[in-house]
Amino acid sequence: MSNRLATISLHIALLLPASAFGDGLVGRPLQPPDYRLAPRGIGDGVWLLEGANADFAVGNGCNIINTAFIDTGDGVVVVNTGPSRRYGEQQRVAIASVTKAPVRLVLNLNLHPDYFFGNQAYADATPAALAGTVAGAAREAGSYADNLYRLCGDWMAGTEPAPPAMTIEPGQLTIGRHRFELLHLQGHTGDDLVLIDHTARVMFAGGLVFRSRVPTTPHADIPRWLASLDVLERRMREDGLRLLVPSHGPALDRADAIAQTRNYLRWLDTRLRQAAREGRDLAEVIAMPVPAPYSEWAAMPAEYLRNVTHLYPAYEREALAP
C-alpha cells in the first residue's frame, strides 16, 4: 500500500464510527463505508434522506445534502443523488426498502457535485436537469471529482463523474397520482431547478435555500438569488404549500429557511460592498468578525471564507470603476 493510501485509510479509521468496522474486533476486515440512509416519510408517498448539517468531511462521507424520492404510483421520482457512487447505490437500496416501484425520473437540481455524483447508480434512468446544469456539470465534473476524492477519501471509491444527460424543461408534469411543477430560477447557480409536489404540498428548493447553514456561493449572483427567494416565498403562500425542503441544513426544522437565507445574503452583500468602498483588502475582510446568528451556523468559518474569496473581487472591481 502506498503511503498516500495508508494515510487515507488511517484517517478513515480515526473518523468513522466503530460500527463501520465490522463487529469492532481487532483484525477483522474494514467494511465498506455505510451512509446509513434512513428514509423518513414526509408526505403522501414522499420520503426524505437527510444529510449532515456540516461541511464536506471524511467523518460524514461528504453527505451534507438532503435528497428525496417520491413513489407516485407510476414509478419513483428521485430528487438529487448525493456525493458519490456509493451514496447513489445505497440510496437505491433505501428506495427499495420502501417501494418495489421502478425509478422513473431522476432530477439533479443544480450543477454542484453532491446533487449528481450518485448518478452512476441510475444509468438505467437517465438523470435529468435544466440545460445550464447539464452543460455546467459536464464542464466542471473533473475538478469536482478531484476535490471530492481529496476531501472524502475512501467514500469516493469507484465514483466517476456522471453528469445528467437529459435536459428537462420547466412546467407542469403529472406522474401517477402526483402533480408536479418544475420552476427554473437563478441565483445560487445560473440554473436552479425547484420541484413543487402539489399533491403532497411540498417544495424542494434545492440550493436556493439553506437552513441554519452558511450558503455556498461559487456560482452565486446575489441580486438574482434574492429575487428567486421572493418567488419561492410567494409560491409557498399562494399555493398553500406546507413544507419547504432545502438541499442543505436541517430539512424539517421550524426555522424559516427563506428568511434566514435572504437575511444572510443581504448582510454579506452589505459587508462586502462597504469593505470595498473603504479600500479594505481580502485579508482584512476575512479577519472581520461575523455576528450572530451567522457565526453559530454550520460550516462556519470555512464556508464564509469561501464566500468572501469567491465574491469580494467583484465588489473591489465595482468600487474601483470610474
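Because only heavy atoms are used, hydrogens play no part in the values below, and waters and symmetry mates are left out as well, while side chains stay in. Here, residue 1 is the first one in the sequence, and each next residue gets the next number.
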K.L.:
Between Arg266 and Asn263, does the side-chain hydrogen bond (donor to acceptor under 3.5 Å, both in side chains) criterion hold? Intermediate values first, please.
P.N.:
CA-CA 5 Å; Arg266 287 176 173 170; Asn263 291 342; 4.8 Å; no

K.L.:
Looking at every heavy atom in both Ala292 and Glu296, which two are closest together, and how far apart are they?
P.N.:
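Minimum heavy-atom contact is CB-OE2, 3.7 Å.
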
K.L.:
Using modelled atom types only, decide if a donor and an acceptor are shared between the side chain of Arg277 and the backbone of Ala319 within a distance under 3.5 Å.
P.N.:
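No.
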
K.L.:
Side chains of Glu318 and Arg273, heavy atoms from C-beta outward: is any pair under 4.5 Å?
P.N.:
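Heavy-atom side-chain distance check passes, below 4.5 Å.
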
K.L.:
Measuring only between side-chain heavy atoms, which start at C-beta, is Thr133 closer than 4.5 Å to Thr167?
P.N.:
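The answer is no; the side chains never approach within 4.5 Å.
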
K.L.:
Salt bridge or not for Asp230 and Arg234, using N-O below 4.0 Å?
P.N.:
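No.
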
K.L.:
Under 4.5 Å between any side-chain heavy atoms of Met166 and Pro127, yes or no?
P.N.:
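Result no, sub-4.5 Å side-chain heavy-atom pair not found.
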
K.L.:
For Leu208, which of Val231, Leu109, Leu232, Leu183 qualifies under side chain to side chain contact (heavy atoms under 4.5 Å, CB included)?
P.N.:
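Running side chain to side chain contact (heavy atoms under 4.5 Å, CB included) over Val231, Leu109, Leu232, Leu183 with Leu208 returns exactly one hit, Leu232.
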
K.L.:
Applying the ring pair (Phe, Tyr, Trp, His ring centres under 6.0 Å) criterion to Tyr87, which one of Trp155, Tyr35, Phe116 satisfies it?
P.N.:
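Output: one option passes, namely Tyr35.
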
K.L.:
Could you measure the distance from the OG1 atom of Thr261 to the CD atom of Glu233? Nearest 0.5 Å is fine.
P.N.:
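Between Thr261 OG1 and Glu233 CD, I get 11.0 Å after rounding to 0.5 Å.
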
K.L.:
To the nearest 0.5 Å, what is the distance between CD on Glu316 and CG on Leu311?
P.N.:
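It is 11.5 Å, given to the nearest 0.5 Å.
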
K.L.:
Which pair of non-hydrogen atoms, one from His219 and one from Glu140, has the smallest distance, and what is that distance?
P.N.:
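Shortest heavy-atom contact: NE2-OE2, 2.8 Å.
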
K.L.:
Within the 4.5 Å heavy-atom criterion, are Leu148 and Phe56 side-chain neighbours or not?
P.N.:
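When only atoms from C-beta onward are counted, Phe56 and Leu148 do touch, with a gap below 4.5 Å.
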
K.L.:
Mind checking whether Leu37 and Asn63 have side chains closer than 4.5 Å, heavy atoms only?
P.N.:
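Touching, per the 4.5 Å side-chain cut-off.
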
K.L.:
SG/Cys152 to CG/Asn60 distance, rounded to the nearest 0.5 angstrom?
P.N.:
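Interatomic distance, Cys152 SG to Asn60 CG, rounded to 0.5 Å: 7.5 Å.
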
K.L.:
Going by atom types only, do Thr189 and Asp192 share a side-chain donor-acceptor pair under 3.5 Å?
P.N.:
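Result is yes, a qualifying pair exists.
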
K.L.:
Which residues satisfy the ring pair (Phe, Tyr, Trp, His ring centres under 6.0 Å) test with Phe117, sequence neighbours excluded?
P.N.:
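Phe117 satisfies ring pair (Phe, Tyr, Trp, His ring centres under 6.0 Å) with no other residue.
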
K.L.:
Does Leu265 offer a backbone N or O that forms a donor-acceptor pair with the side chain of Asp269 under 3.5 Å?
P.N.:
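No: the side chain of Asp269 does not pair with the backbone of Leu265.
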
K.L.:
Can you spot which of Thr159, Asn108, Thr126 makes a side chain to side chain donor-acceptor pair (under 3.5 Å) with Asn119?
P.N.:
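Answer after filtering Thr159, Asn108, Thr126: Asn108.
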
K.L.:
Looking only at non-hydrogen atoms, find the nearest pair between Met156 and Ser84 and report the distance.
P.N.:
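In terms of heavy atoms, the two residues are closest at SD-CB, 3.8 Å.
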
K.L.:
Could you state the interatomic distance from OG (Ser212) to CG (Asn53), rounded to the nearest 0.5 Å?
P.N.:
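Taking OG in Ser212 and CG in Asn53, the distance rounds to 6.5 Å.
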
K.L.:
I need the minimum non-hydrogen distance between Ala298 and Ala54, along with the two atoms involved.
P.N.:
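Nearest pair, atom of Ala298 first, then Ala54: CB-N, 4.2 Å.
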
K.L.:
If you group Ile, Leu, Val, Met, Phe, Trp and Tyr by side-chain heavy-atom gaps below 4.5 Å, do Leu49 and Val79 land in one group?
P.N.:
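No.
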
K.L.:
Does the side chain of Pro291 come within less than 4.5 Å of Trp267's, by heavy atoms?
P.N.:
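Answer yes - side chains close enough.
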
K.L.:
Output the distance between atom CD1 (Ile70) and atom CG (Leu195), rounded to the nearest 0.5 Å.
P.N.:
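Output value for this atom pair is 5.5 Å.
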
K.L.:
Going by heavy atoms in the side chains, are Phe69 and Val98 under 4.5 Å from each other?
P.N.:
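Sidechains of Val98 and Phe69: in contact.
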
K.L.:
Can you tell me how far apart CD (Glu181) and CG (Asp239) are? Round to the nearest 0.5 Å.
P.N.:
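The CG atom of Asp239 is 6.5 Å from CD of Glu181, to the nearest 0.5 Å.
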
K.L.:
Give every residue pair that meets the ring-ring contact (aromatic ring centres under 6.0 Å, His included) criterion with at least one member in residues 241-260, sequence neighbours excluded.
P.N.:
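Output for this query lists Tyr115-His248, Phe210-His248.
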
K.L.:
Give a yes or no on whether Glu284 atom CD has more than 12 heavy-atom contacts from other residues, nucleotides or ligands under 6.0 Å away.
P.N.:
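More than 12 within 6.0 Å, yes.
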
K.L.:
If I compare all heavy atoms of Pro164 with all of Ala137, which pair ends up nearest, and what's the gap?
P.N.:
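Distance-wise, the nearest heavy atoms are CD-CB, 3.9 Å.
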
K.L.:
With a 6.0 Å cut-off (strictly less than), is the heavy-atom count around CZ of Arg177, excluding the residue itself, greater than 12?
P.N.:
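Result for CZ/Arg177: enclosed.
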
K.L.:
Would you call the rings of Trp297 and Tyr294 parallel, tilted or perpendicular if under 30° counts as parallel and over 60° as perpendicular?
P.N.:
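Answer is perpendicular, since the angle exceeds 60°.
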
K.L.:
Which pair of non-hydrogen atoms, one from Val245 and one from Ala251, has the smallest distance, and what is that distance?
P.N.:
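Distance-wise, the nearest heavy atoms are CG1-CB, 4.2 Å.
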
K.L.:
Let me have the donor-acceptor pairs involving side chains of residues 301-308, under 3.5 Å, with sequence neighbours excluded, atom names and distances please.
P.N.:
{"unit_1": "Glu303", "atom_1": "OE1", "unit_2": "Arg213", "atom_2": "NH1", "d": "3.4"}
{"unit_1": "Glu303", "atom_1": "OE1", "unit_2": "Arg213", "atom_2": "NH2", "d": "3.3"}
{"unit_1": "Glu303", "atom_1": "OE1", "unit_2": "Arg306", "atom_2": "NH2", "d": "3.1"}
{"unit_1": "Glu303", "atom_1": "OE2", "unit_2": "Arg306", "atom_2": "NE", "d": "3.0"}
{"unit_1": "Tyr304", "atom_1": "OH", "unit_2": "Arg271", "atom_2": "NH1", "d": "3.1"}
{"unit_1": "Arg306", "atom_1": "NH2", "unit_2": "Asp55", "atom_2": "OD1", "d": "3.0"}
{"unit_1": "Arg306", "atom_1": "NH2", "unit_2": "Asp55", "atom_2": "OD2", "d": "2.8"}
{"unit_1": "Asn307", "atom_1": "OD1", "unit_2": "Tyr264", "atom_2": "OH", "d": "2.5"}
{"unit_1": "Asn307", "atom_1": "ND2", "unit_2": "Pro215", "atom_2": "O", "d": "3.0"}
{"unit_1": "Asn307", "atom_1": "ND2", "unit_2": "Thr217", "atom_2": "OG1", "d": "3.0"}
{"unit_1": "Asn307", "atom_1": "ND2", "unit_2": "Glu303", "atom_2": "O", "d": "3.1"}

K.L.:
When you look at Asn80 and Thr67, which way does the side-chain hydrogen bond (donor to acceptor under 3.5 Å, both in side chains) test go after all the steps?
P.N.:
CA-CA 5 Å; Asn80 300 324; Thr67 71; over 6 Å; no

K.L.:
Given the side-chain rings of His112 and His188, with only the six-membered ring counted for Trp, is the space between their centroids under 6.0 Å?
P.N.:
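Ring centres of His188 and His112 closer than 6.0 Å.
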
